[in-house]
Amino acid sequence: ATAHATIGWSGQTNNFVHRLHQIKQRTLLLWGRNDPILPVAHAIRAARLIHGSILHIYEICGHMPIWEYPGDASVGIGHFIAAPAYSTVN
């Protein structure tokens, strides 16, 4: 329901970029370089605005890295969850 309310047939209808700096939790962003729905530039900007976030861009990937690279994505998510709060994951 949330995605439906913020993304329409013509693209994103709401912009929350001005609030991203408020995120205090560790954040892992997984993004496809060829995402036709949300451009990779959005991920790069979000990563810069969310303090301490980690961005992993899948070079040959569309909108769903967890579907297109399930093994790699699950390992990366597992490492992120297991890592101490002060650590980063590549």
Side-chain angles (χ1 to χ4, degrees):
T2 301
H4 188 269
T6 61
I7 302 172
W9 290 111
S10 60
Q12 287 180 266
T13 57
N14 293 323
N15 185 338
F16 298 104
V17 72
H18 66 283
R19 297 186 65 195
L20 291 178
H21 72 280
Q22 297 173 347
I23 297 174
K24 305 297 181 204
Q25 292 78 17
R26 292 174 55 233
T27 304
L28 175 63
L29 301 165
L30 303 177
W31 222 274
R33 170 82 59 197
N34 304 317
D35 188 331
I37 299 169
L38 299 170
V40 73
H42 291 205
I44 295 167
R45 186 170 184 197
R48 289 181 180 147
L49 293 171
I50 302 170
H51 179 73
S53 66
I54 298 164
L55 171 60
H56 181 82
I57 299 171
Y58 292 84
E59 292 300 323
I60 303 172
C61 185
H63 184 65
M64 296 297 293
I66 60 172
W67 288 354
E68 295 176 54
Y69 294 92
D72 186 66
S74 63
V75 168
I77 293 166
H79 286 152
F80 176 77
I81 291 169
Y86 57 86
S87 179
T88 59
V89 177
N90 292 326

Can you measure from [atom1] ([X]) to [atom2] ([Y]) and round to the nearest 0.5 angstrom?
X: Glu59; Y: Asn34; atom1: CD; atom2: CG; answer: 8.0 Å
X: Ile50; Y: Lys24; atom1: CD1; atom2: NZ; answer: 11.0 Å
X: Thr27; Y: His51; atom1: OG1; atom2: NE2; answer: 10.5 Å
X: Glu68; Y: Ile60; atom1: CD; atom2: CD1; answer: 10.5 Å
X: Ile54; Y: Arg26; atom1: CD1; atom2: CZ; answer: 6.0 Å

In terms of hydrophobic clusters joined by side-chain contacts under 4.5 Å, are [X] and [Y] together?
X: Ile66; Y: Phe80; result: yes
X: Leu28; Y: Leu49; result: no
X: Ile81; Y: Tyr69; result: yes
X: Ile23; Y: Val17; result: yes

Checklist entry - Closest approach of Ser53 and Ala46, non-hydrogen atoms and distance? => result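 The answer is OG-O, 4.4 Å.
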
Item to check | Gly32 versus Pro65, closest heavy-atom pair with distance | outcome: N-CG, 3.8 Å

Could you check if a side-chain atom of [X] sits within less than 4.5 angstrom of a side-chain atom of [Y], using non-hydrogen atoms only?
X: Ile44; Y: Leu55; answer: yes
X: Trp31; Y: Leu38; answer: yes
X: Asp72; Y: Val75; answer: no

Next on the checklist: Out of the candidates Leu30, Ile77, Leu29, only one should pair with His56 under the side chain to side chain contact (heavy atoms under 4.5 Å, CB included) rule; please name it.
Outcome noted: Leu30

